[in-house]
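What follows is a set of notes on a single structure, which appears directly below.
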Amino acid sequence: ASERSVGNEVIFRGKAVKIVSVMEAVEAKPEFAIFSAGANTSKEWAPLFAKNGTVVIDNSSYWRMFKEIPLIVPEINSHVIKKGDRIIANPNCSTIQMVMALAPLHRKYKIKRLVVATYQSVTGTGVKAVKQMENERAGIKGDMVYAHPIDMNCFPHGGSFQPDGYTTEEQKLIDETRKILEDQSIQVTATVVRIPVVGGHSEAVNIEFENDFNIDDVRNLLTHFPGVVVYDNPSENKYPMPIHAHNKDEVFVGRIRRDFSREKCLNLWIVSDNIRKGAATNAVQIAEYMADNKLY
């Protein structure tokens, strides 16, 4: 951590662990360093760890779109990691859960176009956003992280707005999906919405394929893809929800149905805990894969 925290202790697995400076960590030459401290920190420190032989798995946005840096969801594209790679990018949370459901379908039917609307948890913004929502719910005046109240509200704003009218969160869905699925021809349009929940992100995804599909085959492909759980029985009110996905590592898919307004189109509802598979779990899985395959 930064110098002001050096010497403090945190509890990990029931044991006290002393905090060291970042430079001490670099000099210790660990096999892996998992970063989740923002783009500027990653830009400054990841190359120093990498130069010392450490594999950096970075959860910030900084390295994701560098051509030479692997952007990895292990169940999908771990094959692009090469021995000697020292910086691995962890994708955006909303991208990870979406491509987990898309990958097996893309391999069989080839995706032409995606129309995505996300319903994202305040935990994606951070602890201060959770506190804002809790304060509003309790009627307490406090710091505002968002431009608007979030409790009893939602707004189509995630990240910062670009000159073209899209937000940076929406742009990540476009760029990262193409890179992970290794297909720059996929057309993507997205609207990111922030909602007052803490359990995970939800996404309504409309998919247009090159080839027609069988709905039972779609269910079968999703059911057998590692890390994906089909939870889809509307007649019993069973469909994925953030309250259901909270503190779980899987990606849940439901409301699986054909879009009858257009040929070869499918609708999915995808929910996952954005802190787990959307961030921490995926980073640990990358480290596990590289360790198991001696890629460090």
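These numbers come from the heavy atoms of this one structure, side chains and all, not from hydrogens, waters or symmetry mates. Note that this is a predicted model, so its numbers are computed, not measured.
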What one should report as the nearest heavy-atom pair of Ile87 and Ala50 is CG1-CB, 4.0 Å

Please answer whether the main-chain N or O of Val145 pairs with a side-chain N or O of Gln132 as donor and acceptor at a distance below 3.5 Å.
yes

Could you label the plane-to-plane angle of the Tyr62 and Phe66 rings as parallel, tilted or perpendicular, counting under 30° as parallel and over 60° as perpendicular?
tilted

Taking every heavy atom of Gly159 against every heavy atom of Thr168, the minimum-distance pair comes out as CA-OG1, 3.3 Å

Write down the atom of Phe49, the atom of Ala33, and the distance for their closest heavy-atom approach.
CD2-CB, 3.9 Å

Measure the acute angle between the ring planes of Phe32 and Tyr296, then classify it against the limits of 30° and 60° as parallel, tilted or perpendicular.
tilted

Okay, side chain of Arg258, backbone of Phe213: is any donor-acceptor separation there less than 3.5 Å?
yes

Are Asn52 and Thr54 close enough that a side-chain donor and a side-chain acceptor fall under 3.5 Å?
no

Counting distance only, does the side-chain N/O of Lys172 pair as donor-acceptor with the main-chain N or O of Ser94 below 3.5 Å?
no

Look at the rings of Tyr146 and Phe155 and say which category their plane angle falls in: under 30° parallel, 30 to 60° tilted, over 60° perpendicular.
perpendicular

Going hydrophobic residue to hydrophobic residue with side-chain gaps under 4.5 angstrom, can you get from Val229 over to Val251?
no

Closest heavy-atom pair and its distance - Arg64, Asn59
NH2-O, 3.1 Å

So, Asp212 side chain and Glu263 main chain: donor-acceptor pair closer than 3.5 Å or not?
no

Any donor-acceptor N/O pair, Gln184 side chain to Glu182 backbone, under 3.5 Å:
no

Answer yes or no: is there an ion pair linking Glu169 with Arg194, defined by an N-O contact shorter than 4.0 Å?
no

Between Glu236 and Lys238 (salt bridge meaning N to carboxylate O under 4.0 Å), is one present in this structure?
yes

So that I can tick it off, tell me whether Lys248 and Asp273 are bridged by a salt bridge, with the cut-off set at under 4.0 angstrom between side-chain N and carboxylate O.
no

Would you call Asp85 and Lys82 a salt bridge, using N to O less than 4.0 angstrom?
yes

Could you state the interatomic distance from NZ (Lys112) to CG (Asp183), rounded to the nearest 0.5 Å?
12.5 Å

For Asn293 and Leu295, indicate whether the former's side chain and the latter's backbone hold a donor-acceptor pair under 3.5 Å.
no

For the residue pair Thr95 / Glu176, report whether a side-chain donor-acceptor contact shorter than 3.5 Å exists.
yes

Within one Ile-Leu-Val-Met-Phe-Trp-Tyr cluster: Val271 and Leu102, side-chain cutoff 4.5 Å:
no

Assess the residue pair Arg257 and Asp232 against the criterion (salt bridge (charged side-chain N to carboxylate O under 4.0 Å, His left out)); give the C-alpha distance rounded to whole Å, side-chain angles, the decisive distance to 0.1 Å, and a yes or no.
CA-CA 10 Å; Arg257 64 207 190 278; Asp232 190 29; over 6 Å; no

Determine, step by step, whether Lys131 and Asp143 satisfy the side chain to side chain contact (heavy atoms under 4.5 Å, CB included) criterion, reporting the C-alpha distance in whole Å, the side-chain angles of both residues, the deciding distance to 0.1 Å, and the verdict.
CA-CA 8 Å; Lys131 187 64 177 174; Asp143 292 338; over 6 Å; no

Begin with the C-alpha distance, continue with both residues' side-chain angles, and end with the deciding distance and a verdict on side chain to side chain contact (heavy atoms under 4.5 Å, CB included) for Leu105 and Leu266.
CA-CA 10 Å; Leu105 306 181; Leu266 177 73; 3.9 Å; yes

Ignoring hydrogens and geometry, is there a side-chain-to-backbone donor-acceptor pair from Glu203 to Val116 under 3.5 Å?
no

Do the rings of Phe252 and Tyr231 sit parallel, tilted or perpendicular, given the 30° and 60° boundaries?
perpendicular

Mind checking whether Leu71 and Ile174 sit in one hydrophobic cluster, side chains of I, L, V, M, F, W, Y counted as touching below 4.5 Å?
yes

Check step by step if side chain to side chain contact (heavy atoms under 4.5 Å, CB included) holds for Ile57 and Val55.
CA-CA 6 Å; Ile57 299 166; Val55 173; 4.3 Å; yes

Look at the side chain of Ser272 and the backbone N and O of Asp249, then say whether any donor-acceptor pair between them is shorter than 3.5 Å.
no

Any donor-acceptor pair under 3.5 Å from Arg276 side chain to His246 backbone:
no

